[in-house]
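See structure below.
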Amino acid sequence: MKRVFIDTMGCQMNKSDTERMLGMLSYLGYDETKEPKDANLLIINTCSIRQLSEDKAFSEIGTWGQWKKRGKDIKIVFSGCVAQQKQREIFKRAPYVDLVIGTHNIYQLPDLIKRIENGETRICECPDIPYGEKDIEIKRVKSVNAWIPITEGCNNFCTYCIVPYTRGRERSRLPETIIKEAKDALSQGFKEITLLGQNVDSYGKDFKDREYRLADLLTELNALEGDFWIRFVTSYPTDITDNLIETAVKLDKVCEYFHIPMQSGSSEVLKKMNRRYDRETYAKIANKVREMVPDVTITSDFIAGFPGETEEQFEETLTAMDELNLDYSNTAAYSPREKTVAAKWTDLYIPEDVKTERLRRLNEKNMECCLRSNQKFVGRELEVLIENFENHKGKNVVTGRTRNNKIVHIPCEKDLTGHFVKVKIIGAKTWYINGEIID
Ligand code: SAH
Ligand code: SF4
Ligand code: F3S
């Protein structure tokens, strides 16, 4: 019996890679197990966005290394962004790893797994250039939401960010491939398609043989038969065109949700981050989206304590969150990443305790914004796509999301996973809203 356990860290890009790896491994006879102790093959799919995520990966596989040392017959694979970045160096910290595989060549996985099954060890395959895609089965982790990458990599080189180094230059996947994957997912009963990319709104810029952008892709997907929703993340503020917004509004399956990271509320900091907009430009874009898209949810990402950030500049972030009525934000303290430009500005580093305190204030403001945003919907009737059925403190509840990505908890005795239900919103908490099924 061959069993694989995959621990997936990081963003949806990694989660999507995991689904592809599971698909390829099923051809080699591997079943997935959620229990690392039961696996013969253990894979850690890593993220290097912050030092913390990198350190977590090494501490997790430390346990696997000990099992191996004690004689357990297992193979250990290290994949994802840390693999692409550190390559052979990984063996120095974790000599028990059998295979290091990069982000550009996951389609090579079956061949590489066969090699380690045959006793080869310490293989490191992390090419710099993308390895051709293969048409493979995808073993999706969720049952309702299907993630489909549409662009990979990034050309923006924000001065804090490792992604252009771990995922390479931006490339768009062909519309034919994406549409085929969407059709497959829909025929398997999926109810939501989420298009993924570091900058989805620059989709298609690299096509030489055609003029085809995100709005065209959304239009084609929207025309597919069936009852389903479409989302797309992440949007780079200045790449959101009027045409994209108008198309999103016009298409009935495209949800009212934009994830538009701002990163900082200070124009000076944004400049040092190499973001291509200032506070005013971001505000103009976010306000335009809000005016044009009814009931839209706009979410963002922010970094606290970027090198050189003054107290005043940090406070500009807090006021931006308020003024723009951002519905939710991912927050993080700045973490220096090897190779990136800002990591060299050591003399401008903000002391750890100041960063932690700023992050705390950022989170506090975020919670305020979330609660305010959720309260807007109390008394409204909204459609919810149910994603889960669980027993919560002795009561049966279903949870799902609205078109504008609000998480809703609903008391319900029946497992309605995968169904669209009409819900009356009766209460608001910070991280979710409470609803009751209407019919
Ligand atoms: N492509 C997206 C972001 C991808 S990375 C965009 O441009 O907005 C996800 C988030 O991680 C970023 O938005 C940023 O807020 C955070 N992040 C990236 N590098 C970081 C670093 N070095 N320290 C702290 N947070 C970081
Ligand atoms: Fe990183 Fe900037 Fe690219 Fe986003 S746009 S992935 S933050 S370099
Ligand atoms: Fe992390 Fe790589 Fe995603 S660094 S955030 S897993 S692209």
Side-chain angles (χ1 to χ4, degrees), residues 7-18 44-54 56-57 78-86 102-104 106 147 149-171 196-203 205 232-240 258-265 269-270 272-277 282 285-286 298-307 309 317 321 326 328-345 349-350 352 355-356 358-359 362 366:
D7 185 356
T8 314
M9 303 173 146
C11 67
Q12 287 176 335
M13 230 20 137
N14 262 9
K15 291 182 181 138
S16 168
D17 283 347
T18 288
I44 188 132
N45 195 6
T46 60
C47 168
S48 52
I49 205 79
R50 286 181 281 279
Q51 190 61 41
L52 204 69
S53 29
E54 187 179 320
K56 234 172 102 188
F78 199 107
S79 69
C81 288
V82 181
Q84 185 68 37
Q85 184 202 356
K86 300 262 160 151
T103 54
H104 296 324
I106 60 160
W147 301 308
I150 64 166
T151 65
E152 295 195 54
C154 181
N155 294 344
N156 283 335
F157 289 94
C158 302
T159 52
Y160 50 83
C161 184
I162 192 92
V163 172
Y165 306 92
T166 61
R167 292 273 165 179
R169 291 301 71 70
E170 186 175 278
R171 20 197 216 283
L196 300 179
Q198 295 301 345
N199 307 290
V200 275
D201 38 10
S202 65
Y203 176 74
K205 270 189 187 169
F232 52 90
V233 286
T234 301
S235 300
Y236 191 92
T238 45
D239 288 331
I240 303 175
F258 280 75
H259 181 55
I260 323 174
M262 187 183 195
Q263 311 298 358
S264 166
V269 174
L270 287 169
K272 289 194 194 127
M273 287 177 162
N274 194 30
R275 300 289 285 185
R276 288 178 276 114
Y277 53 87
Y282 181 94
I285 294 159
I298 301 178
T299 57
S300 177
D301 297 351
F302 287 102
I303 298 174
F306 183 76
E309 182 189 66
T317 293
M321 288 166 96
L326 295 172
Y328 167 81
S329 300
N330 299 308
T331 59
Y334 170 73
S335 168
R337 309 309 293 132
E338 204 185 318
K339 285 191 188 162
T340 61
V341 174
K344 298 182 185 83
W345 302 337
Y349 279 9
I350 305 295
E352 282 306 316
K355 273 201 292 195
T356 310
R358 286 186 189 167
L359 180 62
L362 200 57
N366 186 28

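Numbering of residues begins at 1 and proceeds along the displayed sequence. FYI, side chains are in, hydrogens and waters are out, and symmetry mates aren't considered; it's all heavy atoms of this structure. Values in this document were obtained by computation on a predicted structure and should not be read as measured data. Just so you know, ligand 1 is whichever comes first in the structure, and atom 1 is the first atom listed for that ligand.
Geometrically, ligand 1 and Asp301 share a nitrogen or oxygen pair separated by less than 3.5 Å. Residue Gln198 has at least one nitrogen or oxygen atom sitting less than 3.5 Å from a nitrogen or oxygen atom of ligand 1, judged on distance alone. Every N/O-N/O distance between Tyr236 and ligand 1 stays at or above 3.5 Å. Of the N or O atoms in Tyr334, none lie within a sub-3.5 Å distance of an N or O in ligand 1.
Nearest-heavy-atom check against atom 5 (S) of ligand 2 across Thr340, Asn156, Thr166 picks out Asn156. Across the listed options Pro261, Gly305, Ser329, Pro261 owns the non-hydrogen atom lying nearest to atom 8 (O) of ligand 1.
Side-chain contact annotation: Ser202 with Glu170, donor-acceptor N/O pair under 3.5 Å present. No side-chain donor-acceptor contact under 3.5 Å links Thr331 and Asn366.
Put simply, the side chain of Arg171 never gets that close to the backbone of Thr151: no donor and acceptor are under 3.5 Å apart. A donor-acceptor pair is defined here as one N or O able to donate and one able to accept, closer than 3.5 Å; such a pair exists between the side chain of Ser79 and the backbone of Ile44. Judged purely by atom type and a 3.5 angstrom limit, Asn45 uses its side chain to pair as donor or acceptor with the backbone of Asn14. Of the possible donor and acceptor atoms, none in the side chain of Ser335 sits under 3.5 Å from a partner among the backbone N and O of Ile49. Looking at Tyr349, its side chain does come within 3.5 Å of a backbone N or O of Ala343 through a donor-acceptor pair. When atom types are taken as modelled, the side chain of Gln198 and the backbone of Cys154 share no donor-acceptor pair closer than 3.5 angstrom. With hydrogens and angles disregarded, no donor-acceptor distance shorter than 3.5 Å links the side chain of Tyr165 to the backbone of Glu338. Side chain of Tyr277 to backbone of Tyr236: no donor-acceptor contact under 3.5 angstrom is found. Under a 3.5 Å cut-off, the side chain of Thr46 and the backbone N or O of Val82 do form a donor-acceptor pair. With hydrogens and angles disregarded, no donor-acceptor distance shorter than 3.5 Å links the side chain of Asp17 to the backbone of Thr103.
Here the protein heavy atom with the shortest distance to atom 3 (Fe) of ligand 3 is Cys11 SG, 2.3 Å. Nearest non-hydrogen protein atom to atom 6 (S) of ligand 2 is Gln198 OE1, 3.5 Å. In this structure, atom 19 (N) of ligand 1 lies nearest to the protein heavy atom Tyr160 CD1, 3.3 Å. Summary of contacts: the protein heavy atom closest to atom 4 (S) of ligand 3 is Ser48 N, 3.3 Å. In terms of protein heavy atoms, atom 16 (C) of ligand 1 is closest to Arg50 NH1, 3.9 Å. For atom 14 (C) of ligand 1, the closest non-hydrogen atom of the protein is Gln263 OE1, 3.4 Å. Looking only at heavy atoms of the protein, atom 22 (N) of ligand 1 is closest to Ser335 O, 2.8 Å. For atom 6 (S) of ligand 3, the closest heavy atom belonging to the protein is Asn14 ND2, 3.3 Å. Nearest protein heavy-atom contact of atom 1 (Fe) of ligand 2 is Cys161 SG, 2.3 Å.
Not a single heavy atom of Ala343 sits less than 4.0 Å from an atom of ligand 1. Under a 4.0 angstrom heavy-atom cut-off, Arg167 registers as being in contact with ligand 3. Ligand 2 is never approached by Arg167 to a heavy-atom distance shorter than 4.0 Å. At least one heavy atom of Arg275 sits under 4.0 Å from some atom of ligand 1. Residue contact annotation: Met9 has no non-hydrogen atom under 4.0 Å from ligand 3.
Side-chain atoms of Leu326 and Thr299, non-hydrogen and from C-beta on, never get closer than 4.5 Å to each other.
Atom 2 (Fe) of ligand 3 has Cys81 among its coordinating residues (N/O/S atom, backbone or side chain, under 2.8 Å). Among the atoms of Cys158, none of the N, O or S atoms falls under 2.8 Å from atom 1 (Fe) of ligand 2.
With rounding to the nearest 0.5 Å, the separation of CG in Leu270 from OH in Tyr282 is 10.5 Å. In this structure, Ile298 CD1 and Ser329 OG are separated by 10.5 Å, a value rounded to the nearest 0.5 Å. In this structure, NZ in Lys339 is found 6.5 Å from CD in Gln85, a value given to the nearest 0.5 Å. Interatomic distance, Asn274 CG to Gln263 CD, rounded to the nearest 0.5 Å: 12.0 Å.
Those atoms of ligand 3 that come under 4.0 Å of a heavy atom in Gln198, given as number and element, are 7 (S). Of all atoms in ligand 2, listed by their number and element, those nearer than 4.0 Å to a heavy atom of Asn199 are 5 (S). The distance from ligand 2 to the heavy atoms of Pro164 drops below 4.0 Å at these ligand atoms: 8 (S). Atom numbering of ligand 1 starts at 1 in the shown order; those under 4.0 Å from a heavy atom of Ala333 are 23 (N), 24 (C). Within the listing of ligand 2, atoms 3 (Fe), 5 (S), 6 (S), 8 (S) sit less than 4.0 angstrom from a heavy atom of Cys154. Atoms of ligand 2 lying under 4.0 Å from any heavy atom of Val163, numbered from 1 in the order shown and given with element: 6 (S). Shown in contact with Arg275 at under 4.0 Å from a heavy atom are these atoms of ligand 2, numbered in order with element: 2 (Fe), 5 (S), 7 (S). Annotation for ligand 2: atoms under 4.0 Å from non-hydrogen atoms of Phe157 are 8 (S). Distances below 4.0 Å separate heavy atoms of Tyr160 from the following atoms of ligand 2: 7 (S). Atom numbering of ligand 1 starts at 1 in the shown order; those under 4.0 Å from a heavy atom of Ile49 are 5 (S), 11 (O), 17 (N), 18 (C), 19 (N), 20 (C), 21 (C), 22 (N).
No more than 12 heavy atoms of other residues, nucleotides or ligands sit less than 6.0 Å from atom NZ of Lys56.
At a heavy-atom cutoff of 4.0 Å, ligand 3 is contacted by both the backbone and the side chain of Cys47.
Using a 4.0 Å cut-off between a side-chain N of Lys or Arg and a carboxylate O of Asp or Glu, Lys86 and Glu54 qualify as a salt bridge.
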